[in-house]
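First comes the structure, then the notes that go with it.
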Amino acid sequence: QVQLVESGGGLVQAGGSLRLSCVASGRTFSSYSMGWFRQAPGKEREFVAAVSWSGGTTYYADSAKGRITLSRDNAKNTVLLQMNSLKPEDTAAYYCAADPRGLDSDLIRKYWVWGYWGQGTQVTVSS
């Protein structure tokens, strides 16, 4: 079992930056794949980025590449999502996810596969 708590969301102007943090409880954090998804009103939850349990492999949505960086610190039970050059279309609730399985590059992008979720943090980008 793992519990996830996100923070770092807020209101930012287009072109600005935010860093989202997800802190996980539980002693087995280092064995979990970790990811971030987002959901805008009226839209399906979509993949943003994910990292393997070891931190050796990181996956990004095409919309995130070059602007968003995901990192994990297993010693601190934390994953960070650094978002730069934010756009109004990045406005959404951002959710941290965790799963104890070694998800492959296809499954890791499917929100319905992930076993654990945080409550979400809102990101609003004004134009």
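Just so it is clear, the values below take in all heavy atoms, side chains as well, and ignore hydrogens, waters and symmetry mates.
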Test side-chain hydrogen bond (donor to acceptor under 3.5 Å, both in side chains) applied to Ser17 and Asn84, step by step:
CA-CA 4 Å; Ser17 298; Asn84 301 322; 2.9 Å; yes

Same cluster (ILVMFWY, side-chain, under 4.5 Å), [X] and [Y]:
| X | Y | result |
| --- | --- | --- |
| Tyr32 | Leu81 | yes |
| Ile68 | Trp36 | yes |
| Tyr59 | Tyr94 | no |
| Leu20 | Leu80 | no |

Short question: side chain of [X], backbone of [Y] - any donor-acceptor pair under 3.5 Å?
| X | Y | value |
| --- | --- | --- |
| Arg72 | Val79 | no |
| Arg109 | Val48 | no |
| Glu6 | Gly120 | yes |
| Asn77 | Ala24 | yes |
| Thr124 | Thr91 | no |
| Trp114 | Ile108 | yes |

At what distance, to the nearest 0.5 angstrom, does [atom1] of [X] lie from [atom2] of [Y]?
| X | Y | atom1 | atom2 | value |
| --- | --- | --- | --- | --- |
| Gln13 | Ser127 | CD | OG | 9.5 Å |
| Met83 | Leu70 | CE | CG | 11.5 Å |
| Leu107 | Trp112 | CG | CH2 | 9.0 Å |
| Ser25 | Tyr116 | OG | OH | 10.0 Å |

Tell me, please, whether Tyr95 has Arg45 positioned over its six-membered ring: NZ or CZ under 6.0 Å from the ring centre and within 45 degrees of its axis?
yes

Kindly indicate whether a cation-pi arrangement holds for Arg38 with Tyr111, taking the cut-offs as under 6.0 Å to the six-membered ring centre and within 45° of the axis.
no

Could you check whether atom CD of Glu89 has more than 12 heavy atoms from other residues, nucleotides or ligands sitting under 6.0 Å from it?
yes

Taking CD in Glu46 as the centre, count heavy atoms belonging to other residues, nucleotides or ligands within less than 6.0 Å. Is the count above 12?
yes

For the rings on Phe37 and Trp117, is their centre-to-centre separation under 6.0 Å?
yes

Are Lys65 and Asp62 close enough for a salt bridge, meaning some N to O gap below 4.0 Å?
yes

